[in-house]
Amino acid sequence: MSTPTREDQQQAQETLAYIRQTMESAASFTAVSGWGLVGVGTAGFLAAAASSRLGGVANLRVWIPTATFAIALSMVANAWKARKLDVALWSGSFRKVVWVMAPMLAAGALLTYGLFRAGQTALLPATWLLLYGAGVTAGGTLSVRAIRSMGVVLLLLGAAALFRPIYGAVLLAAGFGAVHVIFGIVLVQRHGG
Amino acid sequence: MAVSVAPEELDRLIHERMRLGIVSALAANDTLAFGDLKEILKTSDGNLSVHARKLEDAGYIKVTKGFEDRRPKTEYRLTTKGRRALEGYLAQMEQILGAAREALERS
């Protein structure tokens with residue numbers, strides 16, 4: 001029986017903080033919802049089809065509501081998975097991912113406005129895929145490897161859309177549709193819903 | 001008199017920082033692959049392997065080796081014994097802080 005020294009106390013506090021931080025990082029590391037990605041991919045496919053039918057490679061009347069829906073769906077799906085894993089949604093890694101992704105999305109919104117006003121809509125698919133791909137790749141450093149791979153694929157599709165704008169519609173369907181569905185299924189299989 | 005945990009009473013196996021990290025990360029997930037665990041703990045292959053082996057030998061974690069897409073995959077899972085060890089260790093840390101708090105109130 002003894003009274004702990006100040007050093008013991010400090011070490012215990014540091015140890016408890018380390019355990020808490022590691023558990024938070026580990027839980028949120030796998031908390032990206034695979035089903036959420038599948039839902040976003042399905043919406044992306046439908047938007048690409050609708051946009052082609054209405055005319056224009058990247059019809060903003062289709063893609064802006066779709067992007068809004070996709071962000072909302074991602075938030076709900078990730079919140080659901082975080083709850084399932086018993087991890088605070090606004091904890092460590094999640095907060096960092098939002099801070100990494102938000103500037104890219106904001107830049108994408110501003111560039112969309114600028115390109116639309118300048119009549120350069122053929123560049124929209126490349127802009128969206130490149131910025132989103134950069135955000136996902138950077139945010140993926142805080143998550144499972146599949147997310148980073150997804151970001152790299154989106155960047156490659158964005159580069160293809162930049163150099164071959166004529167294939168913009170197909171590349172949008174591939175990036176915001178197929179890539180999300182495929183990587184979503186990978187996440188579901190490897191890390192649960 | 002405040003009761004504190006003598007250093008020799010601490011579970012030496014998980015008192016070491018890397019092993020404590022492995023056990024803590026696994027407490028928050030059903031399973032974790034070797035690569036994921038390595039990234040969460042920001043460590044090297046060799047370091048993770050050595051410490052994971054010690055925890056496996058003690059029965060604190062279970063290791064499953066298999067293949068995924070024809071590539072070898074190693075997965076780790078915390079055992080009941082490992083979870084109890086972590087809970088016991090957490091209780092010891094809280095005990096130290098509780099004793100320090102009591103001592104502070106008395107002074």
Side-chain angles (χ1 to χ4, degrees), chain A residues 1-32 81-89 91-94 96-97 137 139-149 182-183 185-193, chain B residues 1-11 14-43 68-69 71 73 75-76 78 83 86-87 89-107:
Chain A
M1 291 208 297
S2 62
T3 302
T5 61
R6 185 173 284 275
E7 197 184 329
D8 290 338
Q9 186 189 352
Q10 198 176 347
Q11 202 173 9
Q13 277 173 334
E14 282 172 9
T15 302
L16 286 174
Y18 173 72
I19 292 170
R20 192 184 311 116
Q21 191 187 356
T22 306
M23 288 181 78
E24 277 181 3
S25 298
S28 52
F29 191 77
T30 56
V32 176
K81 189 165 180 186
R83 193 172 172 169
K84 195 175 128 192
L85 294 172
D86 200 21
V87 56
L89 183 62
S91 67
S93 297
F94 258 122
K96 288 179 194 160
V97 168
T137 309
T141 57
L142 301 160
S143 188
V144 290
R145 196 170 301 168
I147 298 294
R148 255 167 300 156
S149 304
I182 291 166
F183 280 94
I185 291 169
V186 169
L187 284 190
V188 169
Q189 286 176 341
R190 289 187 187 168
H191 303 287
Chain B
M1 191 166 192
V3 180
S4 186
V5 181
E8 63 273 13
E9 289 173 31
L10 288 171
D11 185 342
I14 58 171
H15 186 57
E16 197 284 331
R17 196 43 73 103
M18 182 54 58
R19 292 195 286 270
L20 183 60
I22 295 171
V23 171
S24 302
L26 290 173
N29 284 278
D30 287 343
T31 60
L32 277 173
F34 182 88
D36 293 341
L37 198 49
K38 194 180 89 171
E39 288 195 37
I40 290 166
L41 299 172
K42 311 251 182 299
T43 187
E68 189 177 86
D69 299 331
R71 280 162 37 186
K73 187 180 183 187
E75 277 197 332
Y76 297 99
L78 192 64
R83 192 170 291 277
L86 178 63
E87 285 167 0
Y89 185 79
L90 278 169
Q92 287 176 324
M93 290 297 116
E94 278 160 6
Q95 201 181 345
I96 291 171
L97 290 177
R101 210 173 293 121
E102 270 180 39
L104 193 70
E105 281 167 7
R106 277 200 312 274
S107 62

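This one's a predicted model, so the numbers in the text were calculated from it and none came from an experiment.
- Annotation: side chain of A:Ile19 is not in contact with side chain of B:Val23 (no heavy-atom distance under 4.5 Å).
- Contacts with chain B were tallied for A:Arg145, A:Gln21, A:Arg20, A:Gln11; A:Arg145 has the most, counting heavy-atom pairs under 4.5 Å.
- Contacts of B:Leu32 with chain A are made by side-chain atoms alone, with heavy-atom separations under 4.5 Å and no backbone atom involved.
- With rounding to the nearest 0.5 angstrom, the CD atom of A:Gln9 is 10.0 Å from the CD1 atom of B:Ile96.
- A distance of 11.0 Å separates CG in B:Leu26 from OG1 in A:Thr22, rounded to the nearest 0.5 Å.
- Nearest heavy-atom pair across B:Ala27 and A:Met23 is CB-CE, 3.8 Å.
- Judged by distance alone, with hydrogens and angles left aside, the side-chain atoms of B:Asn29 form a donor-acceptor pair with the main-chain N or O of A:Ala26 at under 3.5 Å.
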After noting the C-alpha distance and the side-chain angles of A:Arg148 and B:Glu39, does the key distance pass the salt bridge (charged side-chain N to carboxylate O under 4.0 Å, His left out) rule? CA-CA 13 Å; A:Arg148 255 167 300 156; B:Glu39 288 195 37; 2.8 Å; yes
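- A 4.5 Å side-chain heavy-atom check between B:Arg17 and A:Thr15 finds at least one atom pair inside the cut-off.
- With respect to A:Arg190 and B:Glu75, no salt bridge is recorded, no charged nitrogen being found less than 4.0 Å from a carboxylate O.
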